[in-house]
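Computed from a prediction, not measured in an experiment: that's the story for all the values here.
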Amino acid sequence: KPSVMELYGIKNNQTIKAELTEPVSKKDDKRNILRGIFEFNLEKGKYLVKAAQAQSCADMARLADANCLIVIEEDRINPQKGEEIECIII
């Protein structure tokens, strides 16, 4: 994992800004943290992220697919596709 992170220019415990590839549902004014899957798009020259399909802790297969945590701040409601959002690399 460290060599892959170095390849992408990511330092340990680093957060990145990534563009959402699909909308995320959030209906309250609390900070939400969702498991997500990010990748670097060479054509666009930026990170893209989508929420993992299942957020249940019982879905171990989807839990294993996640490589980041999507942070949705308290003041954001329903971030849409194309918006930039903060992600914590895991």
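Here Glu84 pairs with nothing under the salt bridge (Lys or Arg N to Asp or Glu O under 4.0 Å) rule; sequence neighbours left out. Under the side-chain hydrogen bond (donor to acceptor under 3.5 Å, both in side chains) criterion, Glu86 pairs with no residue at all, not counting sequence neighbours.
Nearest heavy-atom pair, Ile37 versus Asp65, reported as atom, atom and distance to 0.1 Å: CG1-O, 3.8 Å.
Evaluation of the salt bridge (charged side-chain N to carboxylate O under 4.0 Å, His left out) test over residues 68-80, restricted to residues two or more places apart or in two chains, returns Arg31-Glu73, Arg31-Glu74, Arg76-Glu83. Every pair passing salt bridge (charged side-chain N to carboxylate O under 4.0 Å, His left out) that includes a residue from residues 14-27 is listed here, sequence neighbours excluded: Glu19-Lys44, Glu19-Lys46.
In this structure, the separation between CG on Asn67 and CZ on Phe38 is 5.0 Å, given to the nearest 0.5 Å. Here the CG atom belonging to Leu34 is positioned 9.0 Å from the CG atom belonging to Leu69, to the nearest 0.5 angstrom. Atom CZ of residue Arg35 and atom SG of residue Cys87 lie 14.5 Å apart, to the nearest 0.5 angstrom.
Under the 4.5 Å side-chain criterion, counting only non-hydrogen atoms from C-beta, Ile85 is in contact with Ile70. For the pair Ile88 and Val71, the minimum side-chain heavy-atom distance is below 4.5 Å. A 4.5 Å side-chain heavy-atom check between Leu20 and Val49 finds at least one atom pair inside the cut-off. In this structure, Asn78 and Pro23 have side chains that are not in contact, with every pair of non-hydrogen atoms separated by 4.5 Å or more. Between Pro79 and Ile72 there is a side-chain heavy-atom pair separated by less than 4.5 Å.
In the hydrophobic clustering of ILVMFWY residues, with side-chain heavy atoms under 4.5 Å counting as a link, Leu42 and Leu48 come out apart.
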